[in-house]
Amino acid sequence: MKHMDSGVAPGNRTVWWWLALLAVVVGIGLRVWQWSLGTTMFMDELAIVHNVVTRSAGQLVSAPLVEAQVAPPLFLVVEKACWTLFGSSELSLRLPPLLASVVALLLFWPVARHVLDERLVPLALLTFAVGVTFVHYSNQVKQYASDAAVGLLILYLALRLREVKLPSAHFWVLGALAGLVLPFYSQASLMYFAGCGAALVLLAYFDAGRPRLRVTLTVVAAWAVGCVLSLALAQNTLRPIDQAFMHYFWREGMLPLNVHLPIDFTQDLAERWANGLGWPHPASIWVGFTLLGVGLLWWQHREVALLLTAPWVLSTLAALLHQFPLRQRLMDFLVPTLILFVFVAFQAFVRWAWRRSAVLGGVALGLCLLPILYSTTRHNLPPFCVEDAKTLYAKLAQVRRPTDAVYAYYGAGQYLRWYGPQYGLRPASYKLGHCYRHFPGAERNYLKEVDAFRGRRVWLVMMHFDSYEEQDLNAYLSSIGQPGPRITVLARMPDESVGYKVSYAQLYDLTDAKRAARFSAATFPLVPTPERPADEICWSCYGPQAIANNHY
């Protein structure tokens with residue numbers, strides 16, 4: 001298998017090589033910038049962090065995680081090591097995902113050189129470098145950046161193992177060791193190990209004379225052992241209730257085996273192009289280019305096409321069998337190959353134009369650059385912050401009187417536990433609400449909680465909230481008290497990203513006894529709300545509620 005660039009020796013740096021290097025530098029710069037800003041950790045990060053800082057390394061590996069979290073054991077151990085060695089800061093906790101994202105960017109370069117002409121490599125690298133999802137998750141204490149890095153490493157190993165000249169024995173040994181270790185660092189890597197492993201065995205079997213079949217079987221066998229052991233450990237540390245919650249939470253990522261499958265799968269792919277990478281609408285255009293690129297790659301370089309598509313086939317099959325969700329950020333580990341497929345399609349256009357003239361070829365490359373430039377607009381560059389608790393609590397600390405009470409909606413629980421003490425909000429100084437969706441008369445239970453603040457000024461802190469519950473709380477407090485100033489903090493995320501756009505603290509003066517006597521929690525006229533599905537009622541409080549009362 002040969003590189004598909006223009007045959008330039010590695011020592012001869014062309015302008016395209018320097019442009020590719022520039023794209024890598026841009027990507028590293030964006031990731032380091034986001035990391036250095038120390039933005040508020042998201043509640044899912046904080047749930048992982050709580051496990052990391054309160055448990056030993058042995059407990060992280062051997063016991064189920066609390067607060068509805070699942071993460072690879074080796075990833076957790078590395079996080080614990082950073083916390084211990086580099087200090088108790090957000091920067092140290094976010095160092096592993098940052099390094100993983102940088103490694104992924106560096107690995108994408110040689111993989112792209114295996115697939116694309118050297119003229120297209122800088123554009124593919126730039127897409128990966130500025131991609132919203134890759135920059136954002138490079139600074140999340142979650143495993144998504146590691147999933148992308150490990151997947152690209154496996155793909156790189158597989159492509160190298162199929163080169164015309166057999167790699168050295170050391171390379172084969174390192175490839176086998178990777179399969180024994182990396183499944184414990186990335187759960188999604190199993191899709192690459194299994195998919196690429198099966199493809200490698202198949203290709204080695206059909207080689208003339210089968211010169212590398214034995215060594216390929218040895219390496220893939222090591223991969224299989226690592227995957228099986230990691231699965232066994234995961235099953236041993238996953239409680240049935242956590243497994244049931246994960247199936248509910250990611251239910252939309254399980255593909256339906258019916259006539260709607262092509263539409264649903266196309267929409268999921270389009271979502272990654274529009275929201276994950278920030279490319280312009282209609283995103284279905286890029287799905288079309290993706291499919292065209294797959295077809296062209298199969299026609300031109302079948303071995304490469306097989307290795308790139310095998311993880312997709314296996315992941316799709318797992319989603320159809322409801323064993324692995326393939327949606328949104330859980331699809332990110334496969335998105336680098338989506339980028340390659342699209343640029344294979346673009347490559348055909350550029351080649352056609354370049355054969356006619358260098359000027360026309362340059363115009364074609366410029367057209368390929370346009371969607372990448374578009375992806376850097378619409379707030380698609382750092383800093384990213386889903387819910388900015390730090391800014392909200394800092395502003396609240398400036399205006400809150402010592403006698404003011406604080407009632408925090410239960411969705412703010414993770415943030416209060418981690419950031420509250422830094423801004424004068426210790427457990428004794430606030431009341432963290434409960435989640436009552438699974439109780440009869442849920443709405444009035446929220447009103448009963450705020451009744452405890454009659455006769456005082458109270459700040460209502462709303463983060464990660466349900467709109468109907470927010471409506472009930474504000475309507476009731478406005479009726480029994482006088483609304484005061486509101487502190488509002490907006491999320492800093494791409495326009496179309498899924499998330500919570502605003503967090504706020506609203507002051508209510510409940511000292512007017514006459515006004516407060518107008519209603520009680522039992523008599524206040526509530527606006528009817530839509531009936532919730534039974535599974536949503538059962539599971540929607542699961543994670544945050546674990547903080548307040550250890551309900552599960």
J.: Under 4.0 Å between a side-chain nitrogen and a carboxylate oxygen: does that hold for Arg327 and Glu271?
T.: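 Between Glu271 and Arg327 there is no salt bridge, as every charged N stays at least 4.0 Å from the carboxylate O atoms.
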J.: A cation-pi test, strictly: NZ or CZ of Arg119 under 6.0 Å from the centre of the six-membered ring of Trp354 and no more than 45 degrees from its axis. Yes or no?
T.: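 Satisfied, under 6.0 Å and within 45°.
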J.: For Tyr504 and Phe465, take the angle between the two ring planes, folded into 0 to 90°, and tell me which bin it lands in: parallel under 30, tilted 30 to 60, perpendicular over 60.
T.: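 Tyr504 vs Phe465 ring planes: perpendicular.
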J.: Hey, would you say the Tyr374 and His281 ring centroids sit under 6.0 Å apart?
T.: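 When the ring centroids of Tyr374 and His281 are compared, they turn out to be at least 6.0 Å apart.
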J.: Look at the aromatic rings of Trp279 and Phe346 and report parallel, tilted or perpendicular, splitting at 30° and 60°.
T.: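 Because their plane-to-plane angle is under 30°, the rings of Trp279 and Phe346 count as parallel.
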J.: So, does Tyr192 use its side chain to make a donor-acceptor pair with the main chain of Phe333 at under 3.5 Å?
T.: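 The answer is yes, because a donor-acceptor pair under 3.5 Å joins these two groups.
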J.: Between CG of Leu22 and CH2 of Trp18, what distance do you get to the nearest 0.5 Å?
T.: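 With rounding to 0.5 Å, CG (Leu22) is 11.0 Å from CH2 (Trp18).
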J.: Any sub-3.5 Å donor-acceptor pair from Tyr407's side-chain atoms to Leu432's backbone N or O?
T.: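 No, because the side chain of Tyr407 does not come within donor-acceptor range (under 3.5 Å) of the backbone of Leu432.
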J.: If you round to the nearest 0.5 Å, how far is CZ of Arg272 from CG of Asn275?
T.: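 Between atom CG of Asn275 and atom CZ of Arg272 there are 6.5 Å.
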J.: With a 4.5 Å heavy-atom cut-off, do Asp466 and Glu470 have their side chains touching?
T.: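 No; the side chains remain at least 4.5 Å from each other.
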J.: Under a 4.0 Å threshold between the charged nitrogen and the carboxylate oxygen, would Glu90 count as salt-bridged to Lys390?
T.: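 Salt bridge flag = yes for Glu90 with Lys390.
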J.: Are more than 12 heavy atoms from other residues, nucleotides or ligands located less than 6.0 Å from atom CZ of Phe289?
T.: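 Result for CZ/Phe289: open.
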J.: Quick check for you: to the nearest 0.5 Å, what is the distance between Ile48 atom CD1 and Glu67 atom CD?
T.: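 Going from the CD1 atom of Ile48 to the CD atom of Glu67 covers 9.5 Å.
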J.: Taking the six-membered ring for Trp, is the centroid-to-centroid distance between Phe134 and Phe128 below 6.0 Å?
T.: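 Yes, ring centres under 6.0 Å apart.
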J.: Does any N or O in the side chain of Thr127 come within less than 3.5 Å of the main-chain N or O of Leu123, such that one atom is a donor and the other an acceptor?
T.: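 Present.
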J.: Indicate whether the side chain of Gln422 and that of Tyr393 have a donor and an acceptor atom separated by less than 3.5 Å.
T.: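 Not at all, the side chains of Gln422 and Tyr393 share no donor-acceptor pair under 3.5 Å.
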J.: What do the steps show when you test Asp388 against Arg492 for salt bridge (Lys or Arg N to Asp or Glu O under 4.0 Å), and what is the final call?
T.: CA-CA 8 Å; Asp388 194 358; Arg492 182 60 170 79; over 6 Å; no
